[in-house]
Amino acid sequence: MFTKVDKSRSLQDKFKVAMLSMMMHADFLDDEVLVLHFVSDPGSQKLGEKILQEFLKDATFKYEVLFHDELALTHKLFPIVEAMQKHFSAGSGAYYSDAIFFLSVAMHLIMPENITRIVQLDLDLKYKTNIRDLFLEFQHFPPEAVIGITREMQPVYRHTFWQFRKENPQTKVGEPPPNGLPGVNSGVMLLDLGAMRNSVLYNQLLQPNNVAKLAEQYRFRGHLGDQDFFSMIGMEHPQLFYPLACGWNRQLCTWWRDHGYTDVFHMYYHCEGPVYIYHGNCNTPIPND
């Protein structure tokens, strides 16, 4: 997602950190091409093309840069995700209420069929390893999985599913790892578009009546767009997701620690193993190491 970047110094700074760190570690085989897709508005595209020209001038591998028009994609997306927005948006006019922030949910219906796999990445990331290694995680998908994703590292869904949890005190929904269902974070996602297209179950879950049915079943009302949708269906159908190691999306935000969940926060936030990608969500500074 690369929208409104021309109007935001903060987004420009995040973009530079993300791209410079990605390029620093990037290494590909001779016959491989890194294809970078940006969903953008005209102003941001113009700025992005200028910055990318500088960042990629010394690249030692083959690459392509493709810009997709935000309005054109929104036009295609809206009929598919309109029903979702009332369940997973902050409200009319809010940031996540824009249809484009449900792009990952229907990426398989929007992108050309010759694109069979895509990695979707937030802008506020810093890479500590070769981005090619993340793409190789597709090889580990079990048969029914359509999306690779990391768990949420804050008690977001402990909070959001409060009513369901109150009515079902023995539930694992919203509970911390390793045995609970803490929900997922959409900052780093592997979308197997071929598998998404072929999954009868996944496409049934996109239908408005099924979205409404699950939202009612779980007493769910969110505000984080695609992440909320994936977290909700993951409570019911975990087989659709390949769990990426937490180090592939090491979220740094600690907002919920200071807003009512100090006693349990560490159980969600803890992440063992190497960090491959830092995620400076909620504007959290990313370490300089």
Side-chain angles (χ1 to χ4, degrees), residues 1-26 34-59 63 65-70 73-74 90 94-98 100-104 107 118-135 149-150 152-154 156 184-191 223-227 244 246-257 269 271 275-289:
M1 296 302 305
F2 197 71
T3 57
K4 305 181 178 69
V5 180
D6 58 325
K7 298 178 173 63
S8 170
R9 187 55 180 267
S10 173
L11 287 176
Q12 292 169 33
D13 291 341
K14 290 173 181 176
F15 175 56
K16 290 175 182 177
V17 169
M19 292 309 304
L20 285 174
S21 61
M22 183 190 287
M23 294 304 110
M24 182 189 305
H25 297 284
L34 173 65
V35 185
L36 298 169
H37 297 263
F38 295 92
V39 177
S40 190
D41 53 76
S44 297
Q45 178 176 342
K46 185 177 180 180
L47 176 68
E49 289 171 338
K50 181 180 178 182
I51 297 175
L52 285 167
Q53 196 170 21
E54 173 68 23
F55 288 173
L56 293 166
K57 67 178 182 181
D58 297 320
Y63 65 86
V65 178
L66 299 174
F67 283 89
H68 303 269
D69 181 67
E70 176 196 14
L73 288 188
T74 300
Y95 182 70
Y96 283 103
S97 68
D98 295 342
I100 201 67
F101 294 105
F102 292 84
L103 175 61
S104 60
M107 185 85 78
I118 203 161
V119 175
Q120 182 168 317
L121 303 157
D122 275 6
L123 214 55
D124 53 350
L125 303 176
K126 182 176 181 179
Y127 302 87
K128 305 293 291 179
T129 195
N130 188 359
I131 191 68
R132 182 181 187 272
D133 294 340
L134 175 59
F135 201 87
I149 199 164
T150 302
E152 174 59 47
M153 292 180 198
Q154 292 197 92
V156 176
V184 295
N185 184 279
S186 61
V188 173
M189 290 188 290
L190 276 63
L191 306 175
H223 65 284
L224 296 173
D226 59 354
Q227 177 173 309
L244 285 172
C246 59
W248 282 114
N249 178 7
R250 189 17 171 152
Q251 303 139 50
L252 299 173
C253 182
T254 58
W255 191 89
W256 288 95
R257 182 182 63 193
Y269 196 67
C271 173
V275 173
Y276 305 113
I277 300 176
Y278 279 118
H279 184 185
N281 48 337
C282 74
N283 292 312
T284 307
I286 297 176
N288 286 321
D289 61 358

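The first residue of the sequence shown is numbered 1, and numbering continues consecutively from there.
- The backbone N or O of Gly43 lies less than 3.5 Å from no partner atom in the side chain of Lys7, so there is not a single donor-acceptor pair.
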Step by step, would you call Leu134 with Leu190 a side chain to side chain contact (heavy atoms under 4.5 Å, CB included)? CA-CA 8 Å; Leu134 175 59; Leu190 276 63; 3.5 Å; yes
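- With hydrogens and angles ignored, the 3.5 Å screen pairs a side-chain donor or acceptor of Asn281 with a backbone N or O of Cys253.
- Annotation: the span from Lys4 atom NZ to Glu70 atom CD amounts to 5.5 Å, rounded to 0.5 Å.
- For the pair Met24 and Leu20, the minimum side-chain heavy-atom distance is 4.5 Å or more.
- Looking at Phe38 and Leu52, their side chains come closer than 4.5 Å, going by heavy atoms from C-beta outward.
- Between the OG atom in Ser8 and the CG atom in Leu123 there is a gap of 9.0 Å [rounded to 0.5 Å].
- Leu56 has its side chain within reach of Tyr63: a pair of non-hydrogen atoms, C-beta onward, lies under 4.5 Å apart.
- Contact annotation: the side chain of Asn185 approaches that of Gln227 to within less than 4.5 Å [non-hydrogen atoms, C-beta and beyond].
- Salt-bridge check for Glu49 with Lys46: failed, with every basic side-chain N at 4.0 Å or more from each acidic carboxylate O.
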Evaluate Glu152 against Val184 for side chain to side chain contact (heavy atoms under 4.5 Å, CB included), listing each step before the verdict. CA-CA 4 Å; Glu152 174 59 47; Val184 295; 5.8 Å; no
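- The shortest distance between side-chain heavy atoms of Met1 and Val39 falls below 4.5 Å.
- Here the shortest heavy-atom pairing between Gly187 and Leu125 reads O-CD1, 3.9 Å.
- Of the possible polar contacts, none joining the Ser40 side chain to the Phe67 backbone as a donor-acceptor pair under 3.5 Å is found.
- One distance of note links SG of Cys271 with CG of Leu252; it measures 10.0 Å at 0.5 Å rounding.
- Interatomic distance, CD1 of Ile100 versus OG1 of Thr74, reported as 4.0 Å (0.5 Å rounding).
- Scanning both residues, Ser44 and Asp6, for their nearest heavy atoms gives OG-OD1, 3.1 Å.
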Side chain to side chain contact (heavy atoms under 4.5 Å, CB included) for Val275 and Lys126? Distances and angles first, verdict last. CA-CA 10 Å; Val275 173; Lys126 182 176 181 179; over 6 Å; no
For Phe55 and Met22, what are the C-alpha separation, side-chain angles and deciding distance, and is it a side chain to side chain contact (heavy atoms under 4.5 Å, CB included)? CA-CA 10 Å; Phe55 288 173; Met22 183 190 287; over 6 Å; no
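- The OH atom of Tyr127 sits 4.0 Å away from atom CG of Leu121, with the distance rounded to the nearest 0.5 Å.
- Closest heavy-atom contact between Val5 and Gln12: O-NE2, 3.0 Å.
- Interatomic distance, Leu244 CG to Met189 CE, rounded to the nearest 0.5 Å: 11.0 Å.
- Looking at Phe135 and Asn130, their side chains never come closer than 4.5 Å, going by heavy atoms from C-beta outward.
- Here the closest non-hydrogen pair linking Gln154 and Trp255 is OE1-N, 3.0 Å.
- Between Leu224 and Ser186 the shortest side-chain heavy-atom distance does not fall below 4.5 Å.
- For the pair Arg250 and Tyr269, the cation-pi test (distance below 6.0 Å, angle within 45°) is passed.
- Residues Met107 and Ile118 form a side-chain contact, since some pair of their non-hydrogen atoms from C-beta on lies under 4.5 Å apart.
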